[in-house]
Amino acid sequence: MDNPDFVMIKVMNEGKKILLSGVKPTGRPHIGNYFGAMKQFVDLQDNYNCFFMLADYHAITKEQNSAELRQDTLDLAIDYLAIGLDPGKVTLFKQSSVSAHTELTWIFNCLTTMPYLMRAHAFKDAEAKNHEVSVGLFDYPLLMSADILLYDVDVVPVGADQKQHIEIARDTAEKFNRVYGEAFKLPEPLIMPDVAVVPGLDGEKMSKSYKNTIPLFVNETELKQLVMSIKTDSKTPEEPKNPEECNVFALHKLVSGADFPELKKRYVEGGIGYKESKEILFKNLNAFLAPMRERREEIAKDTDKIRKILELGGEKAKQVADKKMNKVRELVGVN
Ligand code: ADP
Ligand code: TRP
């Protein structure tokens, strides 16, 4: 018999478009992840039938310490709940709970050519930096295609840097449908244009890999230190400044709503120094982050409850994915 929780979620989501996204549990999420991806999840949870995935198999392309992976995965689940995801509405699950993801990846491996995957940005970047590329890292876009295609997903909310992966998922779906017969729906990316890329402390894209992040749940003291360390040029307070060239201003855009027009005016006309701009940013960013920080502390107290949420989410996702996988197996000829 169907679990009553599943039935509730099913009834509530009937007729809604399907949305799936995932985040790798590697290190702590930062405000770039939040504004570029995580916030959209919360904003969208009422309007879509949402699947949110902790991409632990993607994470091991990068980090291979079991204790850390386990902790990071649990932490990330807590983070999602703290930012406002409601497990009564959405399916929150671990990628590794649903073996169809890796099974389908193998089938995609056999349909995809090496030269095609060699065009992926992430692979090309790793090559350019002379990093040793594992087969798993090379194959990353196909695991992600499987994540998406198993659930008949309509939209995938991601940051601009992930757009190519959605294109690969679409190409892969088309190829499978052509070779074996119709099984997969073509997903669309959902990118919030205003916050396409959040800059980090050094002005590069904020990223865990660049060690230039402002972590989402950092305490107040550290938050202040980080904000005050944002890289700027050496213009004096009096000099007019182009707000579009300022890393501090880019973050004001995200959290300084009420102060924003005045800030912009003072940038353009001159009369605001970077120190003052950073102090205002700290005040606004802290006001924005503090409630989430407090909620996280509460939620983290009950880890059994979080494990239960993930277990249920895994079962629910598995029901959907297994159904699709049965069809795929039949089309491929391995059922
Ligand atoms: P990181 O680069 O820190 O490892 P991930 O690659 O894990 O971040 O990205 C997780 C999600 O957050 C993705 O959807 C990605 O597009 C989004 N994201 C990451 N960094 C940024 C950023 N600086 N600006 C906007 N979105 C971002
Ligand atoms: N590759 C994504 C990232 O680095 C994470 C991810 C894995 C994902 N599977 C996904 C995102 C499926 C959207 C849909 O951010």
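Along the sequence shown, residues are numbered consecutively beginning with 1. We count ligands from 1, going down the list as the structure has it; atoms in each ligand are counted the same way.
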Does [X] come within less than 4.0 Å of [Y], counting only side-chain N to carboxylate O?
X: Lys24; Y: Asp56; value: no
X: Lys301; Y: Glu298; value: yes
X: Lys129; Y: Asp125; value: no
X: Asp75; Y: Arg70; value: no
X: Lys211; Y: Asp202; value: no
X: Glu279; Y: Lys224; value: no

Stacked cation flag Arg293 on Phe217, 6.0 angstrom / 45 deg: no
Contacts of Lys208 that satisfy salt bridge (Lys or Arg N to Asp or Glu O under 4.0 Å) - sequence neighbours left out: none
Side chain to side chain donor-acceptor pair (under 3.5 Å) partners of Asp86, counting only residues at least two apart: none
Give yes or no for whether the N/O distance cutoff of 3.5 Å, strictly under, is met between [X] and ligand 1.
X: Met206; value: yes
X: Val197; value: no
X: Asn33; value: yes
X: Val198; value: yes
X: Ser207; value: yes

Those atoms of ligand 1 less than 4.0 Å from some heavy atom in His30: 1 (P), 3 (O), 20 (N)
Under 4.0 Å to a heavy atom of Gly36 - the qualifying atoms of ligand 1, by number: 25 (C), 26 (N)
Residue Val156 vicinity, atoms of ligand 2 by number, heavy atom under 4.0 Å: 13 (C), 14 (C)
Atoms of ligand 2 close to Lys24 [distance to a heavy atom under 4.0 angstrom, numbered from 1]: 4 (O)
Specify side chain, backbone, both or neither for [X], according to which of its non-hydrogen atoms lie closer than 4.0 Å to ligand 1.
X: Lys62; result: side chain
X: Asp161; result: side chain
X: Gln162; result: side chain

Close approach, Met53 and ligand 2, non-hydrogen under 4.0 angstrom: yes
Heavy-atom nearest neighbour of atom 9 (N) of ligand 2 within options Asp147, Leu20, Leu19: Asp147
From Phe52, Tyr140, Phe51 - option closest to atom 1 (N) of ligand 2 by heavy atom: Tyr140
Among protein heavy atoms, which sits nearest to [atom], and what does the distance come to when rounded to 0.1 Å?
atom: atom 2 (C) of ligand 2; value: Gln162 OE1, 3.3 Å
atom: atom 7 (C) of ligand 2; value: His58 ND1, 3.2 Å
atom: atom 6 (C) of ligand 2; value: Gly22 O, 3.7 Å

Enclosure of Lys94 NZ (heavy-atom neighbours >12, cutoff 6.0 Å): no
Verdict with supporting geometry, Lys175 and Asp171, side-chain contact (heavy atoms from CB on, under 4.5 Å): CA-CA 6 Å; Lys175 186 149 192 194; Asp171 287 348; over 6 Å; no
